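Written below as structure tokens is the structure these notes are about.
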Amino acid sequence: MSQIELPKAYNPADFEDRLYQFWLDNDLFSPRGEGEPFVVAIPPPNVTGVLHMGHGLNNSLQDALVRYWRMKGRPTLWVPGTDHAGIATQQVVENQLRKEGKSRYDLGRKAFVERTWKVKEDHHAIISQQLKKIGASLDWKRERFTMDEGLNHAVRHVFVTLYERGLIYKGRYLVNWDPEAQTAISDDEVEYKEVQGALYHIRYPFADGSGFVQLATTRPETLLGDVAVAVHPTDERYAGLVGKLLKLPVADREIPLLADGFVDKEFGTGAVKITPAHDPNDFEAGRRHNLAQINILNPDGTLGPNVPERYMGLTTKAAREKIVAELTELGLFVEAVPHKHQVGHAQRSGAVVEPYLSEQWFVRMKPLAEKAMEALRTDQIRFYPKRYESTYTTWMEGIRDWCISRQLWWGHQIPVWTCDDCGQVHVKMEAPTACEKCGKTALTQDPDVLDTWFSSWLWPFSTLGWPEATPDLAKYYPTTAVVTAYDIIFFWVARMVMAGMEFTGKAPFRDIYMTPLVRDAKGRKMSKSLGNGIDPLEVVAEYGADALKFTMVYLSSQGQDINLDKEGFKLGSKFANKIWNASRYLLMNIPTEGILPPEQLSKNGVDLWIEGRLNAAIRAVDTAMLAYKYNDMGHTVYEFFWNDFCDWYVEATKLELYADDPKRRQQAASKLVHLLEESLRLMHPFLSFITEEIYQKLPGHAFSLVTAPYPVAMTERDHPEAEAAFGALQDLVGGIRRVRSEFAIDPAKDIEVIVSLEKDYAHAAFLNQNRALVAQFAGSERLGFAAGAPKPDGTVTVVGKGYETWVLVRDVIDLPKELDKLAKTLTKTKQYVQSVENKLSNQAFVNSAPADIVEGERKKLSEAQDSIRRLMAYQKELQG
RNA sequence: GGGCGAUUAACUCAGUGGUUAGAGUGCUACCUUCACACGGUAGAAGUCCCAAGUUCGAAUCUUGGAUCGCUCACCA
């Protein structure tokens, strides 16, 4: 009887790409309408990276969010874009060159940067294609790149502005040096890992030959840069010795023994060597005591200037061995005690970070941090989950200046020009044509580039055109939410707030949702080296983009990481399959007479029940959405569609749908189609493709679900009495089914069931009206209702609330088993009654608890007592 | 060392003061009934980490402890 058909199997690959193209062709991801906009700027993925499961999660959650608000009618904008990822991208190209036997210096800066742009273009196609594959409803017309012209303008503007405000300075400091990438990195880019090393005990003899001082170090090779040895001023072991000169072995220099409060008397021997150029503590100590800074490292991490000839060019490892050997020969090496300690590694290259003295640019962070903390205090930003507030605050309070210069070629070159002749420094938006001081025209731009995050921190407003006063900026800034993993809170989130407050006077977004991290099934971080990552595109290929998104939504609770293997995505794909098949069934049964409009539908109790359930589901999604409780959204639509709609409502309507009367068939089909249509709208943010595919086959559908209105909860669709009545029906059916199952009655066998209703039972009328329905669910055509009828022989009894169900099982009753089961139920119920009675006889409870709770307990007690009465009667009957 | 989080069914996890604590997966039994075996029906399965406290009432709040994890931190 149907004109519309869905293919038999749910095969997402058949329609996902087509629908995405349809959405793009019709520009459905552009903000439209009036009112308060909803804006999200995508956390820009590394342009040379590939989409990993973190992106899969993160973009799934953003997509659900923006699709919901778009359907709610707010002008909704999700801004796409990618990040130039300085070190990572430069490394990609340098690795290519290495395979060709070349280095970046063979190409020169200009050619190298040009080549990197080409690599960027190639990779860019890949990453955007991947985002399209997973269905991300991004407004591609507004796509940005952290190094495009506009963002470069914004970056230069920010640099100059901060410089003019005195918030950027240049200086020679000890920075974290990545010897592999040969650049400085910021404190945040250093990851500390526990390493099994050794504590080397060494003796430094006094210059006058009067003995020695023994000290301990984890890095004996830095001996070559030592300028002093320090002890604590109150350390009695060294009393009277402070001020004497020591003879630094190997390097053959004389260095003083001095006193400084920073030394820990308890650690080692209480004496520490001072190497200002290669240790942060020593750097500070060196400044306090006006000591020299002896740099002993080349930029590549080998031993360089200021070391004896025989050490030149050695790696630190080789130098360490050589030093120990030489000290041993001199009789100054005591022992190496195994020692675990934290060693800094560069986040990108993995190389061991060297504290390294060099001239770098820094941002003064304190003033920025204060404004960023103000944003939180004044509730301009809100963290979900809330506990990340303290992570944010703690970081802000302990903020240190940010080293922003990188000795790379790929990135925003620092807009600072120095006069070749007089050395005058110009910090400008554009290259000056002549020196402002001496008028000479030969100026050289600072060769360094800026940290990648120096462009990322402007992302929410620079992508909208800032610093120009563009219409987009006026309309869509500040943005509404940022959705990103919590491991990026310092790098990006916190700094965006700082930049937003400093440059726009506004927090760049209101809501900060920190996503969980996706881990493997064993809870380990997904990583290339472990090979335990899941490729989101493989998931899409195997299960579909909807399975990916729905599974991510369903599993994302607040602050709990997700442990998952690929099999886990079956959750989403099974649900999508269910939606597909239920829809296929409904579409198959659309009557030739067509679908009636809502106002011509006559609703029965079952219809009212499902309406109430739908209403509750809509409310639950709305509430969860405002609180970013994704798992609640997922569970809500899953349970509504599968448990309520499919398992009960669709089954319940089969009687009508197969009725002889065409009018009844049309009524039932019409109601089903309207409910399906609304369910599809309800689920579209979470399963976008399948819902759209089915929606577009529905009679009278609108243009697209993307822009269809989200369902709205309406009080006139709340029907508590219908819900209670249908609940009673479900209980009744459950009881009969249980008996069937327990007595292993063939599901196909029609059995006799008598439901003995108590007088005044509230749902008696409803059950009577729906006799055929109960009979169908229970698989008993002969089911009948009776009041006061005598109980036939050969039945088992199911005790319900307000009725008894007698199921005729005749000779199959296993009496001992039935009695045993009954005794168990009875015991359990009696225990329960006892606990409620205790509660109610407790005056304190009756007096203190709210009236409705007490009332509820009373009701439960009387119901349970009622059950006990029936159970005991039944027991007596079985025994007799 | 500081801070944060986790500990609930075999597994992965929901559940922040009020039914006899839930879901998905897995497991058991039955069902190839004409939307779906990626299905249906039913079932088994839990000292809510431990201890003390607050409360009429605690998985939920407080304190202490245990175990695991994350994060920050200059013990050479």
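All figures in this text were calculated on a predicted structure; none of them were measured in a lab. In what follows, every heavy atom counts, from backbone to side chain, and hydrogens, waters and symmetry copies are set aside. Each chain gets a letter, A, B and so on, in the order its sequence line appears, and its residues count up from 1.
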5'-most by nearest nucleotide on RNA chain B - A:G734 or A:Y832: A:Y832

May I ask you to say what A:D852 touches in the nucleic acid, namely base, sugar-phosphate or nothing, with a heavy-atom cut-off under 4.0 Å? nothing

Counting any heavy atom closer than 4.0 Å, what does A:K654 reach on the DNA or RNA strands: base, sugar-phosphate only, or nothing? base

Write down the distance separating the P atoms in B:U19 and B:C27, rounded off to the nearest Å. 33 Å

A:Y356 and ring-ring contact (aromatic ring centres under 6.0 Å, His included): which partner among A:F283, A:W177, A:Y173? A:W177

Using the P atoms only, state how far B:G22 lies from B:U28, rounded to an integer number of Å. 24 Å

Phosphate OP1/OP2 of B:U71: any A:R387 side-chain N/O under 4.0 Å: no

For B:U25 and B:A66, measure between their C1' atoms and round to the nearest Å. 30 Å

A:N176 versus A:D187, side-chain donor and acceptor atoms under 3.5 Å: yes

Taking the side chain of A:F490 as heavy atoms from C-beta outward, which of B:G18, B:C72, B:A76 is closest to it? B:C72

State which of B:C56, B:A14, B:A35 makes the closest approach to the side chain of A:N631. B:A14

Quick note, A:K860 side chain, CB onward, closest among B:C70, B:C38, B:U19 is B:U19

Separation of the C1' atoms in B:U62 and B:U54, to the nearest angstrom: 7 Å

Between A:R738 and B:G43, is there a side-chain N or O to OP1/OP2 distance below 4.0 Å? yes

P atoms of B:C4 and B:A76, separation to the nearest Å: 25 Å

Could you state the CZ-P distance from A:F569 to B:U25, rounded to the nearest angstrom? 16 Å

Between A:K574 and B:G24, does any side-chain N or O lie under 4.0 Å from OP1 or OP2? no

Tell me whether the side-chain N/O atoms of A:K578 come closer than 4.0 Å to OP1 or OP2 in B:G40. yes

Quantified in whole Å, what is the P atom distance between nucleotide B:U47 and nucleotide B:G65? 27 Å

Quick check on B:G5: is either OP1 or OP2 less than 4.0 Å from any side-chain nitrogen or oxygen of A:Q560? no

Assess the side chains of A:D260 and A:H232: does a donor N or O sit below 3.5 Å from an acceptor N or O? no

Whole-Å distance separating the CD atom of A:E742 from the P atom of B:C30: 15 Å

Pick the C1' atom in B:A44 and in B:C68, then give their distance to the nearest Å. 30 Å

Could you state the atom-to-atom distance from CG of A:D561 to P of B:U71 in whole Å? 10 Å

Taking only the side-chain heavy atoms of A:F845 (C-beta and beyond), determine which of B:U41, B:A76, B:G18 contains the nearest atom. B:G18

Is the side chain of A:N631 donor-acceptor paired with the backbone N or O of A:Y554 at a distance under 3.5 Å, no angle test? no

Across the strands shown, which category fits A:A582 at heavy-atom distances under 4.0 angstrom: base, sugar-phosphate, nothing? base

When we call it a touch if two heavy atoms are under 4.0 Å apart, what does A:K273 touch: a base, just sugar-phosphate, or nothing? nothing

Out of B:A23, B:C13, B:C36, minimum distance to the side chain of A:H635 belongs to B:A23

Report yes if some heavy atom in the side chain of A:D520 is under 4.5 Å from a heavy atom in the side chain of A:N563; otherwise report no. no

Spacing of A:K8 atom NZ relative to B:C38 atom C1', expressed in whole Å: 13 Å

Counting just side-chain N and O atoms, does A:R219 come under 4.0 Å of either OP1 or OP2 of B:C74? no

By the 4.0 Å heavy-atom rule, please label A:V263 as base, sugar-phosphate, or nothing. base

Give one of base, sugar-phosphate or nothing for A:Y554, where a contact means two heavy atoms less than 4.0 Å apart. sugar-phosphate

Assign A:E651 to base, sugar-phosphate, or nothing according to its heavy-atom contacts below 4.0 angstrom with the strands shown. base

Consider ring-ring contact (aromatic ring centres under 6.0 Å, His included). Of A:Y10, A:F689, A:F641, which one does A:W580 pass it with? A:Y10

Between B:A35, B:C13, B:G18, spot the one nearest the side chain of A:S557, thanks. B:C13

For RNA chain B, the expected dot-bracket line (Watson-Crick or G-U under 3.5 Å, [ ] crossing, | inter-strand) is ((((((((.[[[[.)..(...]]]].(((((.......))))).....[[[[[..)....]]]]])))))))....

Ignoring the backbone of A:Q342, work out which of B:A73, B:C56, B:A14 is nearest its side chain. B:A73

C1' atom, B:C50 versus B:U7: distance in rounded Å? 11 Å

Base, sugar-phosphate, or nothing for A:A849, non-hydrogen atoms under 4.0 angstrom? base

Tell me whether the count of non-hydrogen atoms from other residues, nucleotides or ligands lying under 6.0 Å of CD in A:E194 goes above 12. yes

Taking only N and O in the side chain of A:K839, is any of them less than 4.0 Å away from OP1 or OP2 of B:G18? no

So does A:K828 have more than 12 non-hydrogen atoms from other groups sitting under 6.0 Å from NZ? no

Could you tell me how far apart A:W648 (CH2) and B:U41 (P) are, to the nearest whole angstrom? 8 Å

Counting only side-chain heavy atoms from C-beta out, which of B:U20, B:C36, B:A42 sits nearest to A:R584? B:C36

How would you list all residue pairs meeting ring-ring contact (aromatic ring centres under 6.0 Å, His included) that involve residues 832-854 of chain A, not counting sequence neighbours? none

Using the six-membered ring for Trp and the full ring for Phe, Tyr or His, decide whether A:F267 stacks on the six-membered base ring of B:C75 (centres under 5.5 Å, planes under 30°). no

Could you tell me whether the phosphate oxygens of B:G3, OP1 or OP2, come under 4.0 Å of any side-chain nitrogen or oxygen in A:T394? no

Measure from the side chain of A:N563, starting at C-beta and using heavy atoms only, and say which of B:U12, B:C56, B:C74 lies closest. B:U12

N or O in side chain of A:H201 less than 4.0 angstrom from B:A76 OP1/OP2: no

Looking only at B:U41, B:C36, B:C75, the nucleotide nearest the A:D264 side chain is B:C75

Whether A:Y649 contacts B:A35 is assessed here as follows: a side-chain N or O lying under 4.0 Å from the phosphate OP1 or OP2. Is that the case? no

For atom CD of A:E189 and atom P of B:C72, their distance in whole Å: 13 Å

Go through the side-chain N and O atoms of A:S556 and A:K629 and say whether any donor and acceptor fall under 3.5 Å apart. no

Tell me the interatomic distance from A:M396, atom CE, to B:C72, atom P, rounded to whole angstroms. 15 Å

Which whole-number value in Å describes the distance from A:D746 CG to B:U33 P? 12 Å

Pick the nucleotide of RNA chain B nearest each of A:N643 and A:D279; which residue has the one closer to the 5' end? A:N643

With a 4.0 Å cut-off on N to O distance, would you call A:R665 and A:E656 a salt bridge? no

Does B:C38 have OP1 or OP2 under 4.0 Å away from a side-chain N or O of A:W642? no

A:Y486 versus A:D561, side-chain donor and acceptor atoms under 3.5 Å: yes

